[in-house]
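In listed order, ligands and their atoms are each counted from 1.
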Amino acid sequence: MSAALHGRVALVTGAGSGIGAATAARLTADGAQVYTVDRAGEVGRIADVTAPGISEILVAEAVARLGGLDILVPCAGISAFAPLADHTDEYWDQVLAVNVTAVFRIIRAAVEPLKKSRRGRIITIGSTMSRFGAAGLVAYGTSKHAVLGMTRSIACELGPFGITVNCLQPGAIETPMTAPAFTAMPQFKDYWEHKAALGRLGQPQDIADVIAFLASDDARFMSGQGFFVDGGAMQAQ
Ligand SMILES: NC(=O)c1ccc[n+]([C@@H]2O[C@H](COP(=O)([O-])OP(=O)(O)OC[C@H]3O[C@@H](n4cnc5c(N)ncnc54)[C@H](O)[C@@H]3O)[C@@H](O)[C@H]2O)c1
């Protein structure tokens with residue numbers, strides 16, 4: 001699409017599906033070399049991002065194979081609808097492990113190479129649920145609020161090293177994550193389609209294109225922010 005990211009190295013987790021896959025493809029199209037990670041799918045590295053010590057290994061591999069690290073997109077995430085009473089300890093721990101702890105760990109592991117980059121970019125994936133709540137999404141909503149808070153604090157700490165840290169907050173996007181809910185509850189799909197001012201659900205490309213912008217030099221003075229990319233859904237009454 002452009003040469004905006006020529007010479008940059010990116011690491012994208014959750015790159016086997018949905019938003020992560022579209023992001024890896026878009027960053028590649030913009031000239032970046034992308035180290036793709038997922039627990040499944042067609043990626044460069046199969047790994048469970050919650051495994052102890054894996055964050056350091058993944059960052060070291062990306063640096064060793066691709067010569068550094070400029071862009072980190074920790075996109076791997078999980079979600080499912082469950083009433084509060086069905087939020088077992090195991091479910092709660094699992095959601096927070098993938099959506100929060102693994103994000104924190106890979107950012108921490110990436111700090112030194114991102115400092116060396118001098119134009120480091122971290123783009124976390126929050127949600128409209130980083131600001132609002134929803135029945136059935138207690139663990140997920142908690143995790144996405146945490147990601148936004150984490151983003152803001154890390155942005156303050158890493159700004160002096162030229163690293164920007166922003167949180168992209170998608171609305172309802174058609175991916176394998178949302179497919180089961182949209183199939184089981186067509187009214188839910190309909191609700192989000194019509195809630196969006198643009199009158200449609202989002203596609204992974206809608207998110208990937210904004211991530212590519214945040215990773216580019218054009219976004220060099222933007223940091224510590226959360227950005228809704230939701231077709232205007234959260235502005236509607
Ligand atoms: N789809 C939406 O409507 C939506 C909205 C807001 C935010 N998000 C966020 O976007 C991100 C991507 O979601 P998506 O919709 O593309 O879903 P998706 O299910 O298509 O992709 C998520 C990917 O993460 C991977 N993953 C999950 N747990 C992992 C683990 N422990 N180790 C390694 N990989 C793991 C999965 O294998 C999958 O490939 C998530 O963080 C999600 O919370 C999605």
S.K.: Relative to the heavy atoms of Y140, which atoms of ligand 1 are at a distance of less than 4.0 Å?
M.R.: 6 (C), 7 (C), 8 (N), 9 (C), 42 (C), 43 (O)

S.K.: Report the nearest protein non-hydrogen atom to atom 34 (N) of ligand 1: residue, atom name, distance rounded to 0.1 Å.
M.R.: R39 N, 3.3 Å

S.K.: Heavy atoms only: which of S79, G171, A172 lies closest to atom 4 (C) of ligand 1?
M.R.: G171

S.K.: Among protein heavy atoms, which lies nearest atom 14 (P) of ligand 1, and at what distance?
M.R.: T175 OG1, 3.5 Å

S.K.: Out of curiosity, is E174 lining ligand 1, as in a heavy atom under 4.0 Å away?
M.R.: no

S.K.: Looking at C75, is its backbone amide N or carbonyl O close enough to the side chain of T13 to form a donor-acceptor pair, meaning the two atoms are under 3.5 Å apart?
M.R.: yes

S.K.: Counting only heavy atoms, which portion of K144 has something under 4.0 Å from ligand 1: side chain, backbone, both, or neither?
M.R.: side chain

S.K.: Could you report the tightest heavy-atom contact between H145 and M129, atom names first, then the distance?
M.R.: ND1-O, 2.8 Å

S.K.: Between the candidates C75, S130, G77, which shows the shortest non-hydrogen contact distance to atom 12 (C) of ligand 1?
M.R.: C75

S.K.: Begin from the C-alpha positions of R26 and I211 and carry the test side-chain contact (heavy atoms from CB on, under 4.5 Å) through to its verdict.
M.R.: CA-CA 9 Å; R26 173 64 204 255; I211 290 174; over 6 Å; no

S.K.: Please report which non-hydrogen protein atom sits nearest to atom 36 (C) of ligand 1, along with the residue it belongs to and the distance in Å to one decimal place.
M.R.: D38 OD1, 3.4 Å

S.K.: Quick check: does D48 get an N/O under 3.5 Å from an N/O on ligand 1?
M.R.: yes

S.K.: Heavy atoms only: which of I173, L168, I78 lies closest to atom 3 (O) of ligand 1?
M.R.: I173

S.K.: So, taking the atom named CZ in R121 and the one named CG in N166, what distance separates them when rounded to the nearest 0.5 Å?
M.R.: 8.5 Å

S.K.: Over 60° means perpendicular and under 30° means parallel, so classify the ring planes of F81 and F188, tilted if in between.
M.R.: perpendicular

S.K.: With a cut-off of 4.0 Å, which atoms of ligand 1 are near a heavy atom of G18?
M.R.: 16 (O), 20 (O)

S.K.: Identify the protein heavy atom lying closest to atom 17 (O) of ligand 1, giving its residue, its atom name and the separation to 0.1 Å.
M.R.: M177 CB, 3.2 Å

S.K.: Kindly give the heavy-atom pair with the smallest separation between A24 and T36, and that separation in Å.
M.R.: CB-CG2, 3.6 Å

S.K.: Mark the output for A47 as yes if a heavy-atom distance to ligand 1 is under 4.0 Å, and as no if none is.
M.R.: yes

S.K.: Rounded to the nearest 0.5 Å, how far apart are CD of Q33 and CG of L66?
M.R.: 5.0 Å

S.K.: Heavy atom of G126 under 4.0 Å from ligand 1?
M.R.: yes

S.K.: Search all heavy atoms of L27 against all heavy atoms of A212 and return the closest pair with its distance.
M.R.: CD2-CA, 3.9 Å

S.K.: Any idea which of V95, I207, I19, V43 brings a heavy atom closest to atom 44 (C) of ligand 1?
M.R.: I19

S.K.: Looking only at heavy atoms, which two atoms of Y91 and S79 are closest? And how far apart?
M.R.: OH-C, 4.4 Å

S.K.: Go through ligand 1 atom by atom and flag the ones less than 4.0 Å from a non-hydrogen atom of P176.
M.R.: 20 (O)

S.K.: Numbering the atoms of ligand 1 from 1, which are under 4.0 Å from a heavy atom of V98?
M.R.: 28 (N), 31 (N)

S.K.: Would S17 count as a polar contact of ligand 1, with the cut-off being nitrogen or oxygen pairs under 3.5 Å?
M.R.: yes

S.K.: Go through ligand 1 atom by atom and flag the ones less than 4.0 Å from a non-hydrogen atom of I125.
M.R.: 9 (C), 10 (O), 11 (C)

S.K.: Minimum heavy-atom separation for V98 to A102, with atom names?
M.R.: O-CB, 3.6 Å

S.K.: Holding to side chain to side chain donor-acceptor pair (under 3.5 Å), I want the full list of residues that pass it with R65, two or more places apart in sequence or in another chain.
M.R.: Y35

S.K.: T178 heavy atoms, cut-off 4.0 Å: which ligand 1 atoms fall inside?
M.R.: 1 (N), 2 (C), 3 (O)

S.K.: So is V49 polar-close to ligand 1, meaning N/O to N/O under 3.5 Å?
M.R.: yes

S.K.: Assess whether side-chain contact (heavy atoms from CB on, under 4.5 Å) is satisfied between T124 and M150, documenting all intermediate values.
M.R.: CA-CA 9 Å; T124 60; M150 188 195 314; 5.7 Å; no

S.K.: Between G136 and H87, what is the shortest heavy-atom contact and its length?
M.R.: O-CE1, 4.2 Å

